2 protein chains.
Amino acid sequence: MTEHQQLPDSAVTDSEPAKPRRGKNGDGAERHDAIYRTISDAIIEHRLRPGARLREDALAEVFGVSRTGIRKILQRLALEHLVTLTPRRGASVTRPSAEEARDVFAARQLVECGVMDSVARSMTAADVSELRDIALRERTALRAGEQSTAIKLSAEFHVRLAQLSGNATLAEFIGRLCSRSSLILAVYGNPGNLGCESHDHDELIDCLEAGKGERASAFMGRHLKAIEASLSIDVEEEETPDLHRIFSL
Amino acid sequence: MTEHQQLPDSAVTDSEPAKPRRGKNGDGAERHDAIYRTISDAIIEHRLRPGARLREDALAEVFGVSRTGIRKILQRLALEHLVTLTPRRGASVTRPSAEEARDVFAARQLVECGVMDSVARSMTAADVSELRDIALRERTALRAGEQSTAIKLSAEFHVRLAQLSGNATLAEFIGRLCSRSSLILAVYGNPGNLGCESHDHDELIDCLEAGKGERASAFMGRHLKAIEASLSIDVEEEETPDLHRIFSL
DNA sequence: GCCGGCTTAAACGTATACAATGAAGCCCAA
DNA sequence: TTGGGCTTCATTGTATACGTTTAAGCCGGC
């Protein structure tokens, strides 16, 4: 626990500052979903860094709901591997292990390349322009130095792409993988290098627009490999340093 | 809502009949996990059929915990697509749509075939014998007419296989897909035909033991195709009959 | 006789209270 | 001065109570 980051104000985009709204049922599930997305976004955009503790009381107060709702949200985030729930210690933003990082990227390699064919076949002109828009905004954010925005847009690009495959199950899985990748970038990424080359996504769209599923798949493979290669996954000190190994030599 | 199945006694394997155990903290998380697995198994083994309602009060009483814990478990099951949570109507075992069925099998085709290579490379003799044991027990159950056991063992086979790939993320995903496949079988499967041919799994092991990842992948592809082909996925009546379509003609 | 509104009850959604546990700080003794 | 044990506090885990909503049953009017 080297960092002492604790729910910085900037992590909460919602404008309402702990408005009670108690006794009124109001929206209910919608509100919870909004809170979920707010926290999820904060994690994906690196405004909440891996290791940051997420105390139930604090979150409940910030969002103006009771701990019950917060717990539900935290459990959902935990099932998506975005936060880690330690039995009596509470929740914290997941700090992905090196192994997890490798697994996630291997999975992306398999799945994201695998759907390129379907995507190329079913993509419409409207889809193309939407993807181009995302890619454009991503490059703009990158150039403006807005890392948070760029990271989120990059993930959004991959997710939208996956959705075009028409397979909701695979799209959902890829969405989870992208979220986790964002966490992995936060831990193992090098500052100044966001992984995604600026024009990779545009080239990918070119392949798909031309209906070249095979080429798109190969390109996506190289793209993901490039991101992974840009990381520094050098099994740094484990959370519990192996004293035996250290002192026995 | 054609069936009126409501938590049949046979759905609960646990021996304790609503033992209160109140006031004692006891195990806590372990207990919840056990309850989760009990319900999950009941769904996978078709002792709880799709559409069956899962009332919180009833479950809380059966397992001797409060609704709080039950809600947590139901939400977890919902995120795995095993139960469907309708906002003010409660939980029920998911009835997969035809589209969902196709998506799940397409995903399995992509992912399970994709990991065969890693599996073939890293499989040990112990792994082989464990898989053979599962396959044997599956055939035995099938021959004895114990459908529930056979279904569960079939899923277990695929999951164990995936775990041998060494990629926990992919293995987890495949596990979810297998659980959902069990639900799909319950809805679209034909009685007497469990989908899996008796000796398919054994042949698959043969390929893997020989280190033929390529052949294993192809075989797995055919295996999954065969299961899917054995289903009757003929978009039957939707839950909300399309009156416009019916009467406009 | 049938349709529509009202009443009642059952089930979910949320908050709050209480219990339990682990961690940190403090005091005392060596 | 330091180390160990004890006390206290902070935080999570669980249950329960209450509000809300929906569905079904009943009654009255048309």
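For the numbers below, each heavy atom of this structure counts, side chains included, while hydrogens, waters and symmetry mates do not. What you are looking at is a predicted structure, and each value in this text was computed from that prediction instead of being measured. A note on names: the letters A, B, ... follow the listed sequences, proteins ahead of strands, and every chain is numbered from 1.
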Nearest-angstrom distance from the residue atom CZ of B:Arg71 to P of C:dA15: 11 Å

Distance-only donor-acceptor check, side chains B:His81 and A:Glu172, under 3.5 Å: yes

Distance-only donor-acceptor check, side chains B:Thr84 and B:Thr94, under 3.5 Å: yes

Value rounded to 0.5 Å, distance of CD1 in A:Ile233 from CZ in A:Arg102: 6.5 Å

Atom pair distance, as rounded to whole Å: CG in A:Asp57 and P in C:dA17: 13 Å

Distance in angstrom units between B:Glu61 CD and D:dT16 C1', rounded: 16 Å

A:Arg180/A:Glu100 salt bridge by N-O under 4.0 Å criterion: yes

Side-chain N or O of A:His32 closer than 4.0 Å to phosphate OP1/OP2 of C:dT14: yes

Donor-acceptor pair present, B:Arg31 side chain and D:dG13 base, under 3.5 Å: no

Rounded distance in Å - CD (A:Glu56) to P (D:dT11): 11 Å

Value in whole Å for how far the P atom of D:dT12 lies from CD of A:Gln75: 13 Å

D:dG13 phosphate, OP1 or OP2, under 4.0 Å from B:Lys72 side-chain N/O: no

Over 12 foreign heavy atoms within 6.0 Å of CD, A:Glu130: yes

Between D:dT22 (P) and B:Arg53 (CZ): distance, integer Å: 14 Å

Protein-nucleotide distance (A:Arg67, atom CZ; C:dC18, atom C1'), rounded to Å: 11 Å

Candidates D:dT11, C:dA23, C:dA15 - which lies nearest the side chain of A:Ser66: C:dA15

Gap between atoms CD1 and P, on A:Ile73 and C:dA15 respectively (whole Å): 11 Å

Short side-chain N/O contact to C:dT14 OP1/OP2 from A:Thr68, under 4.0 Å: no

B:Arg88 side-chain N/O to C:dA11 phosphate OP1/OP2 under 4.0 Å: no

